[in-house]
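Atoms within a ligand are numbered from 1 in the order they appear, just like the ligands themselves.
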Amino acid sequence: MQSYNFSAGPAVMPSEVLAQIQADLAQSQKGHMSILEISHRSLTFDKIVDQAKDRLRELMNLPQDYEVLFVQGGGSLQFEMVPLNFANQKHQIAVLDSGNFAHKAAQAAQAEGVSAKIVASSRDEKYRYLPQLPADFSAPAYDYLHITTNNTIEGTCYHQSNLPQTTGPLVADMSSNILAEPYDVRNFDLIFAGAQKNLGPAGVTVVIVKKSWLAQQNVTKVGPMMRYQSYLDKNSMYNTPPVFNIYALNLVLGWVQDQGGVPAMYAANQKKAQLLYDYLDQSDFYHPLVTGADRSLTNVVFSTGNDQLDQTIAQQAQEYGLYNLAGHRSVGGFRASLYNAQPLAAVTALIDYLDKAQKEHQNER
Ligand SMILES: *Cc1c(COP(=O)(O)O)cnc(C)c1O
């Protein structure tokens, strides 16, 4: 039976990439020179880092003034690293509180001694919709505005067409939809994304930073590992980087290029999401938790309205080869993650199953 993994992260990877990793490891077994065993100072690895950077540059259309850095510590470390490096003039940042991860970012900035002002929030409505910048938002009062483009847990998304408009610096957590839909990088001053949603295995975080903004910062009190400049100066090898993860990331980026880049990913992701949302919209049994333009393409959240029943249906899905459909514990219901590597066939299989489950459980709701 074909099985599909709907995990929100770490998440499904392209099967071609998994096969390549296996082949590479098998081939290098005898000489003990596999990617798991070589120096990060080797020419082999140097080439991998440069190729991964070039591929990201091309895929995201990066202007000259932007640089790609590879950092560890996940999206969560960025919640602290960004304010440490960029909140050093006004010591105050603005946060659009659109979900759990935005909220955590605000708390982490506070813990670093920065005032994180929540300028709009949908927390009281369980983050079912996207908060918008208030009309009187004053960008000059803050070092930057922090947003989460895609809210992984709640299934909402600021797409390029509904990005908050600010005249000041904009920082975006793109952990769960980088390369899944097009963004104009020139709208942002810093973008970060943990790899484990859309870019490969957990362990490396991509940071895209505008160099002219970085150059303005006074970071003499920030230690070298927390300072972006260290990564910039040393081609992301100030210390030992996560060698295997960058290698795997590079393979995923090559795969995205082979598929036709971000436009092709976007078209496929729209098709997958549309199919599932259309099904949920017409259903009298399941209902999507997010409506309209705020909907995420990569994380679709829905429910029958009965939490116990949702859990049963998500559990039974495993018998049909459909895994990890339970929603985040803070939301409940179902969450189907449809990242780049998720095939359309996963969505049709899911819809078939949801239909079956409805017939079986029609009267239990
Ligand atoms: C998963 C996720 C994070 C947290 O990433 P870690 O790598 O676990 O620190 C942050 N932001 C968003 C939007 C995410 O999806």
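Rounding to the nearest 0.5 angstrom, the gap separating the CG atom in Asp97 from the CD1 atom in Ile147 is 13.0 Å.
Within the 4.0 Å heavy-atom shell around ligand 1 one does not find Gly194.
Counting heavy atoms under 4.0 Å from ligand 1, residue Phe192 does not touch it at all. Contacts between Ile153 and ligand 1 below 4.0 angstrom, taking non-hydrogen atoms only, are absent altogether. At a 4.0 Å heavy-atom cut-off, ligand 1 touches Gln196 through the side chain alone.
In the vicinity of Asp173, heavy-atom distances shorter than 4.0 Å reach the ligand 1 atoms 10 (C), 11 (N), 12 (C), 13 (C). Close approach of ligand 1 to Thr148 is summarised as follows: ligand atoms under 4.0 Å from at least one heavy atom of the residue are 13 (C). In the vicinity of Thr152, heavy-atom distances shorter than 4.0 Å reach the ligand 1 atoms 12 (C), 13 (C), 14 (C), 15 (O). Taking every heavy atom of Gly74 and a limit of under 4.0 angstrom, the matching atoms of ligand 1 come to 7 (O), 9 (O). Close approach of ligand 1 to Asn150 is summarised as follows: ligand atoms under 4.0 Å from at least one heavy atom of the residue are 13 (C).
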Margin query: Please determine whether side chain to side chain donor-acceptor pair (under 3.5 Å) holds for the pair Asn150 and Lys197, giving the CA-CA distance in whole Å, both sets of side-chain angles, and the decisive distance to 0.1 Å.
Written below: CA-CA 11 Å; Asn150 188 76; Lys197 314 286 165 59; over 6 Å; no

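Scanning both residues, Ala116 and Val95, for their nearest heavy atoms gives CB-CG2, 4.3 Å.
Taking atom 3 (C) of ligand 1 as the reference point, the nearest protein heavy-atom neighbour is Phe101 CE2, 3.4 Å. Nearest protein heavy-atom neighbour of atom 9 (O) of ligand 1: Ser76 OG, 2.6 Å.
Taking the six-membered ring where tryptophan is involved, the planes of Tyr353 and Tyr320 are tilted, since the angle between them lies from 30° to 60°. Between Phe86 and Trp213, the ring planes lie parallel to each other; the angle is under 30°, not in the 30° to 60° tilted range. The aromatic rings of Phe79 and Phe101 sit tilted, their planes meeting at an angle between 30° and 60°.
The residue among Lys104, Gln72, Lys197, Met174 with a heavy atom at the shortest distance from atom 2 (C) of ligand 1 is Lys197. If you check each of Pro10, Gly9, Gly75 against atom 6 (P) of ligand 1, the one with the closest non-hydrogen atom is Gly75.
The only option from Val222, Leu214, Leu69 that meets the side chain to side chain contact (heavy atoms under 4.5 Å, CB included) definition with Gln229 turns out to be Leu214.
The pair Arg57-Glu67 counts as a salt bridge, with a side-chain nitrogen and a carboxylate oxygen less than 4.0 angstrom apart.
In summary, the side chains of Asn306 and Thr304 do not present any donor paired with an acceptor at a separation below 3.5 Å, with no hydrogens or angles considered.
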